[in-house]
A.B. asks: 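Please see the structure below; I have some questions.
Computed over heavy atoms, backbone and side chain alike; hydrogens, waters and symmetry mates excluded. Just so it is clear, the structure is predicted and the values come from calculations on it, not from any experiment.
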Amino acid sequence: VKCAWTFPVSASALTEAHMLAKYQAENQKAKRVAILYINNPTGRAYVKAYDEVIRKFGGEVVFSQAATFDDPGTTTFIAQARASTPPIDTISTYLDPGIFTRMVREAAAQNYKPKNAFSGAAGIFFEVTPNFTGPNGEGTIAATHWVTNDQDTPGFRAYKSLVEKYYPKIDHSTWTKGGYVGATIFGNIIKSLGLNVTRQRVKDAADTLTNFDSGLGVTLNWRPGKHRANKTIYLAQIQRTGDKFAYKYVAGPLVDEYAETE
């Protein structure tokens with residue numbers, strides 16, 4: 001929903017779905033996809049957006065299933081994917097790490113893993129996820145709206161140093177980076193206004209944000225009525241190093257060419 005008083009710094013679920021679908025179609029030859037998603041408007045929008053792009057490459061979302069925290073439905077979802085003919089080659093998700101891990105473990109219990117393994121929106125890009133899923137989650141691709149945690153850039157080091165000063169054991173996710181970027185912008189705006197700080201002046205200053213370098217791979221610009229500034233995605237994959245699993249950078253920045261212009 002567009003709002004004159006809302007200034008998102010992160011990308012949308014539509015951009016996540018668009019770029020995951022394109023990457024998986026081009027690089028993994030994904031054709032037949034099943035999606036498990038949180039049953040809310042954003043989750044449903046993710047399914048629709050993924051299907052729209054995968055169809056441009058000759059694929060389709062064969063079926064999707066809604067999940068709730070009370071009823072994740074992972075058993076029936078995996079059973080349907082496993083029984084699909086022709087086979088499902090890709091499972092994508094719009095989930096939190098808890099339900100995602102449950103789904104991956106259920107797939108392992110049913111001795112099933114699709115050819116392209118699993119993928120998901122930024123909700124599964126947490127450092128704990130590879131530990132939770134273990135070897136069963138290897139190959140999972142997650143979207144994030146910023147540089148991935150294994151990219152040793154000056155901007156990431158600055159972000160990490162500041163955040164860990166206050167939260168030394170924090171799990172660096174898409175959301176912690178988004179919070180950092182949003183707080184930095186807000187702080188800069190407040191400083192620029194001096195002692196005359198009003199709600200309207202804060203909004204007016206935000207409406208003219210120009211070439212703000214997040215330090216995390218994305219430059220933001222806001223204009224009145226055009227606040228969805230971030231249309232960039234990075235992709236990370238759960239990979240094995242020795243006996244440990246962690247997200248590793250695989251692609252990005254990927255700019256959403258299918259996003260509507262606001």
A.B. asks: Measure the acute angle between the ring planes of Tyr46 and Tyr94, then classify it against the limits of 30° and 60° as parallel, tilted or perpendicular.
C.D. replies: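 If you compare the ring of Tyr46 with that of Tyr94, the planes turn out tilted.
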A.B. asks: Please check if the number of heavy atoms outside Lys115 that lie under 6.0 Å from its NZ is greater than 12.
C.D. replies: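 Above 12, so yes.
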A.B. asks: Is it true that the NZ or CZ of Arg199 lies under 6.0 Å from the centre of Trp5's six-membered ring and within 45 degrees of the ring axis?
C.D. replies: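 Satisfied, under 6.0 Å and within 45°.
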A.B. asks: Could you check whether Lys22 pairs with Glu257 (Lys NZ or Arg NE/NH1/NH2 to Asp/Glu carboxylate O, under 4.0 Å)?
C.D. replies: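 Here Lys22 pairs with Glu257 in a salt bridge, since their nearest N and O are under 4.0 Å apart.
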A.B. asks: Side-chain contact test, heavy atoms from C-beta onward, threshold under 4.5 Å: evaluate it for Ile35 versus Gln65 and give yes or no.
C.D. replies: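 No, side chains not in contact.
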A.B. asks: Is it the case that over 12 heavy atoms from other parts of the model lie below 6.0 angstrom from the CG atom of Asn111?
C.D. replies: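 For Asn111, atom CG is not crowded (no more than 12 foreign heavy atoms under 6.0 Å).
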A.B. asks: With a cut-off of 6.0 Å (strictly less than), are more than 12 heavy atoms of other residues, nucleotides or ligands near CZ of Arg201?
C.D. replies: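 Yes, the 6.0 Å shell around CZ holds more than 12 heavy atoms from other groups.
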A.B. asks: Run the side-chain contact (heavy atoms from CB on, under 4.5 Å) test on Val61 and Tyr50 for me, step by step, so that the C-alpha distance in whole Å, both residues' side-chain angles and the decisive distance to 0.1 Å come before the verdict.
C.D. replies: CA-CA 8 Å; Val61 174; Tyr50 194 107; 4.0 Å; yes
A.B. asks: Looking at Arg102 and Glu106, is there a salt bridge between them, counting it only when a charged N and a carboxylate O are closer than 4.0 Å?
C.D. replies: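 The answer is no: the pair does not qualify as a salt bridge.
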A.B. asks: ring-ring contact (aromatic ring centres under 6.0 Å, His included), that's the test. Do His172 and Tyr159 meet it? Break it down for me.
C.D. replies: CA-CA 10 Å; His172 294 288; Tyr159 147 80; 5.2 Å; yes
A.B. asks: About how many Å separate CD1 of Ile99 and CG of Leu36, when rounded to the nearest 0.5 Å?
C.D. replies: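 Here the interatomic distance stands at 7.0 Å.
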A.B. asks: Between His145 and Ala122, which heavy-atom pair has the shortest distance, and what is it?
C.D. replies: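 Minimum heavy-atom contact is NE2-CB, 3.8 Å.
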A.B. asks: Using the rule that two of Ile, Leu, Val, Met, Phe, Trp, Tyr join whenever any of their side-chain heavy atoms come within less than 4.5 Å, decide whether Val163 and Phe126 are in one cluster.
C.D. replies: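 Each belongs to a different hydrophobic cluster.
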A.B. asks: On the 0 to 90° scale, with breaks at 30° and 60°, tag the Phe100-Phe118 ring pair as parallel, tilted or perpendicular.
C.D. replies: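 Rings of Phe100 and Phe118: perpendicular, over 60°.
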A.B. asks: Between the side chains of Arg32 and Ser84, is a donor N or O closer than 3.5 angstrom to an acceptor N or O?
C.D. replies: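 Looking only at side-chain atoms, Ser84 and Arg32 do form a donor-acceptor pair, the distance falling under 3.5 Å.
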A.B. asks: On the 0 to 90° scale, with breaks at 30° and 60°, tag the Tyr249-Tyr234 ring pair as parallel, tilted or perpendicular.
C.D. replies: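 Tyr249 and Tyr234: tilted rings.
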A.B. asks: Answer yes when Asp152 and Arg157 have at least one side-chain N-carboxylate O distance shorter than 4.0 Å, and no when they do not.
C.D. replies: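 Yes, Asp152 and Arg157 are salt-bridged.
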A.B. asks: Quick one: does Ile78's side chain get under 4.5 Å of Met103's, heavy atoms only?
C.D. replies: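 Touching, per the 4.5 Å side-chain cut-off.
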A.B. asks: So, for Ala143 and Ile233, which heavy atoms are closest and what is the spacing to 0.1 Å?
C.D. replies: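 Shortest heavy-atom separation between Ala143 and Ile233 comes out as CB-CG2, 4.0 Å.
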A.B. asks: Which heavy atom of Ala229 sits nearest a heavy atom of Asn221, and at what distance?
C.D. replies: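 For Ala229 and Asn221, the tightest heavy-atom pair comes out as CB-O, 3.3 Å.
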